[in-house]
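Remember, predicted model here, so these are calculated numbers, not experimental data. One-based numbering, in listed order, for ligands and for the atoms of each. Quick note: residue numbers are just sequence positions, from 1.
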Amino acid sequence: MNKNVELKTVYIEHESSYIEVCPYCREKSLEIREVVHRQPYLGRTLIVSKNCKKCGFKKTEMVPLNPRKRRIVAFKMGGREDLHVKILRTSTATVLLPELGAVIDPGIDAPYFITNVEGLLSRIEDALERIRVLKISQEGEGEIVKIKRLIREIKEGRRGLTIIIDDPTGLSDIFAPPGKVIREYVEGR
Ligand SMILES: [Zn+2]
């Protein structure tokens, strides 16, 4: 992950914080922090973090101040060397992995994250492990074992992988060499 450090250089343009009434516990204990960042690739973004000191309610949102059109980025992984290809994914993006039958829905935990293909696969493995621990069903167990095997084969370079990111803000990207990635702007949200 150290190689990603240069992508994380962030300049703070503006910062403010104030206390509001919490929508959950109704106490005036919700700390709202607004920061305008200037970030590589994302441009100017407003990060709004809400944190209630009373009930623990927490939420972080990212509002791109220079959004682009909705964009779909598709990447076809070749060999093992592509495991290190970097991925920038905003919280508004949906990630599709057709070979694994997996879809990562837009999330609210982190406004955006930068990882690489290997890191993305590890996140899915972790999620599968959490599902397995919950022991949903016998049939689900078989499916989890199958996807884990596919991920292992991809990590060993024995199987290909397609990654498709659909982002309404058009900011998510896959930093693959030319020829391996397609970027297409589409109409609508
Ligand atoms: Zn609260």
With distance as the sole criterion, is a donor-acceptor pair present between the side chains of Glu99 and Thr162 under 3.5 Å?
-> yes
Report the hydrophobic cluster partners of Ile182, with the cluster defined as I, L, V, M, F, W, Y residues connected by side-chain heavy atoms closer than 4.5 angstrom, directly or transitively.
-> none
Using the salt bridge (charged side-chain N to carboxylate O under 4.0 Å, His left out) rule, collect all pairs that involve residues 114-129, keeping only residues at least two apart or in two chains.
-> Glu125-Lys155, Glu129-Arg132, Glu129-Lys148
Polar contact flag, side-chain donor to acceptor under 3.5 angstrom, Glu34-Tyr18 | yes
How many protein N, O or S atoms sit closer than 2.8 Å to the Zn ion (ligand 1)?
-> 4
Could you give the side-chain donor-acceptor pairs of residues 42-54 under 3.5 Å, partners two or more places apart or in another chain?
{"residue": "Arg44", "atom": "NE", "partner": "Glu13", "partner atom": "OE1", "Å": "3.0"}
{"residue": "Arg44", "atom": "NE", "partner": "Glu13", "partner atom": "OE2", "Å": "3.3"}
{"residue": "Arg44", "atom": "NH2", "partner": "Glu13", "partner atom": "OE1", "Å": "3.1"}
{"residue": "Thr45", "atom": "OG1", "partner": "Gln39", "partner atom": "NE2", "Å": "2.6"}

Considering non-hydrogen atoms only, spot the tightest contact between Arg68 and Tyr185 and give its length.
-> CD-OH, 3.8 Å
